[in-house]
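Working notes, structure below.
Since the structure is predicted, the reported quantities are computational estimates derived from the model, not experimental observations. Here is how names work: the chains are called A, B, and so on, in the same order as the sequence lines, proteins then strands, and each is numbered from 1.
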Amino acid sequence: MSAQGILASYEYLDSTVDAIENLKKAGFKNIKAYAPYPEHHIEHALGYDQSPVRVFTLVGAMTGCAAGFAFTSWTSVDWPLVVGGKPIISIPAFIPIVFEMTVLFGALSTVIGLFILSRLPNIKPAVVYDPEFTAGRYGVYIEADAGRLEEARKIMNAEEPIELREGAADA
Amino acid sequence: MAVGSTERGALTHPDVKRLDDVNRDVLKIMATPGKGWWALFGVCAAGVGMFLGAWFWQIYAGIGVSGLMSPVGWGVYITTFVFWVGIAHSGTLISAILFLFRAPWRQSIYRAAEAMTVFAVMTAGIFPLIHVGRVWHAYWLIPYPNSRFLWPNFKSPLVWDVFAVTTYFTVSAVFFYLGTIPDVAAARDRATGLRRKFYSVISLGWQGTDQQWHHFSKAYIFLAALATPLVLSVHSVVSWDFAMSIVPGWHATIFAPYFVAGAIFSGVAMVITLTVPLRKVFGLEAYLTVKHFDAMAKLCLFTSMIVFYAYLSEFFLAWYSGEEIERTAFWNRLFGTYWWATWTMLVCNGFVPIMLWFKRIRHSIPALFVISIFVNIGMWFERYVIVVTSLHHEYEPFAWGIYRPSVTEMAIMAGSFFWFGFWFLLFTRLLPPVAIQELKEVLPPPMRKKQSASEAH
């Protein structure tokens, strides 16, 4: 099963969005789009919903918060010393540390979540890629069996791409 | 929303016509260093030599080479530490807080501001290590049980500070790195040879696919939402290093907001100080317009008013409290041994920024540059006033004393500016100093059909 792919580079945003929508209408799945910046019209055309990154942020932040409380309280009980007349476990004085741990864990797990979800780092060299995608072009990539590829090519060509490249998907 | 709407930021950068113009203009900065860059870099490298040399001399000879002596145990090092942490703050303000508020003028300055944050926290983080003298014991700052199974005292503001500053450095470095990934990928796609390899590694194979952008923009929002309270907490915690003790002049509830406002004030001034030459040298006039500087100047003016109000309320409350010691402390600030430091602070932070009320001054880039230098100086002296004048004149007359910064201390303090400049100059050569992808977000997208596309949605 070697699926073949076509990559179209577009100069205009509306052509890109139209190409994606027409491909979807024709029943193609796994459409991949490229853009030089986060473009919500493309996301909208592809039908994106909420990103699960937020789950990573929440779980990370809550873990950090709990760890901060546990750490400061446990170490205070581990060798109880009265400092400044405060109770051994004096929560107000621990809040700054709990807060910093919440933010630290939340931020780091957000990044880990992003890397997992967007498959980064991705060191495999791309088979088909247009270096202009990071400059000013938009792109649409579709993968299909040899039979349906022609149909996809026709749809993509209708939107006047700058270039069409063919190539197998990720090697 | 219509695809065809060209309102979004079309007026922000009227001279930027096409999306790939941004790549052309920003990436050319990194291409070939001019003579001016090398000259500045040489000066900074020499300054870093002075910085390290002076520090090594202090390590070799002992902390006695500094002017620190009872009763003034905190001097230029802590002053400079607080100064650099403060500088860092406006970078996060611009990159995170203004991002959440969707301020339309932040895109072109935010990368430089964020780099400034990372390098400023890095610089600040060195100062406690210099200050403690025996730097080889610096690992004592890390919370671990010592040989008697004692943990650090988590009720102490100094331990909070360790957590706050290390968290701030980690999160701002991660935030900065994440933002550069798509731009480094843009640099990779134009580069050749060794640079291409370098950018391929640090861009992690970014291609700008829909999936990557989708998660990236969401992760960025969450990081901004976490960085926003973080930046407010960090300088509050730094202020509690002072405010939690009962030294007259330190023990005030106003300290946290006062420090945060001061931090943003000094940081915005530093952003102006850095972006004015950046714009001039690299020809970024189309990206950093007068409108951007006007917005920064207004932020500067606003925070200057908060800071000046805080000064006045400190003096007023010292008088109004009727507390003899507190009154003496503040009288001593204005007319005592260190009167010149206090008056420098008041003039630079309170009076000089009054000029920013005038539109002509806000629209004059040389004037803004000069004012920003005044603010930088004034904010350094603010911390000097807080640290030194409070300590040298506490409760007991027999414990009063005079602190004179030594040559070593001044060399390390001055050297830290070169150290910061060294990293900032390297940054302008190695990473895109203007956020390429964020600028494209505010440019009107290229459309084939000028009007009709809006029907698609």
Given 3.5 Å as the limit, does a donor-acceptor pair link the side chain of [X] with the main chain of [Y], or not?
| X | Y | value |
| --- | --- | --- |
| B:Trp213 | A:Glu39 | no |
| B:Asp189 | A:Phe133 | no |
| B:Lys440 | A:Ala135 | yes |
| B:Lys155 | A:Ile88 | yes |

Query raised in the report: With only heavy atoms counted, which part of A:Pro96 is less than 4.5 Å from chain B, the side chain, the backbone, both or neither?
Result: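 Only the side chain of A:Pro96 comes within 4.5 Å of chain B.
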Report task. Under 4.5 Å heavy-atom distance to chain B, tell me which part of A:Pro87 shows up: side chain, backbone, both or neither. Result ->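 Backbone of A:Pro87 only, per the 4.5 Å heavy-atom cut-off to chain B.
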Query raised in the report: With ring centroids as reference points, do A:Phe71 and B:Trp151 lie under 6.0 angstrom apart?
Result: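 Yes, they do, as the ring centres are separated by less than 6.0 Å.
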Requested in this report: Identify the heavy atoms of A:Ala107 and B:Leu226 that sit nearest to each other, and give their distance.
Outcome: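 In terms of heavy atoms, the two residues are closest at N-CD1, 3.3 Å.
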Query raised in the report: Out of B:Met447, B:Arg448, B:Arg18, which residue meets the side-chain contact (heavy atoms from CB on, under 4.5 Å) rule with A:Glu11?
Result: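 Result: among B:Met447, B:Arg448, B:Arg18, B:Arg18 is the only option passing the side-chain contact (heavy atoms from CB on, under 4.5 Å) with A:Glu11.
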**Report entry** Verdict with supporting geometry, A:Glu100 and B:Trp160, side chain to side chain contact (heavy atoms under 4.5 Å, CB included)
**Finding:** CA-CA 9 Å; A:Glu100 302 300 336; B:Trp160 302 347; over 6 Å; no
Report task. Could you tell me whether B:Tyr144 atom OH has more than 12 heavy atoms of other residues or ligands within 6.0 Å of it? Result ->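 Enclosed.
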**Report entry** Choice from B:Val22, B:Val159, B:Thr166, B:Leu150 maximising heavy atom contacts with chain A below 4.5 Å
**Finding:**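 Top count of heavy-atom pairs under 4.5 Å with chain A: B:Leu150.
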**Report entry** Donor on one side chain, acceptor on other, A:Ser51 and B:His214, under 3.5 Å
**Finding:**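 Judged by distance alone, the side chains do not pair up.
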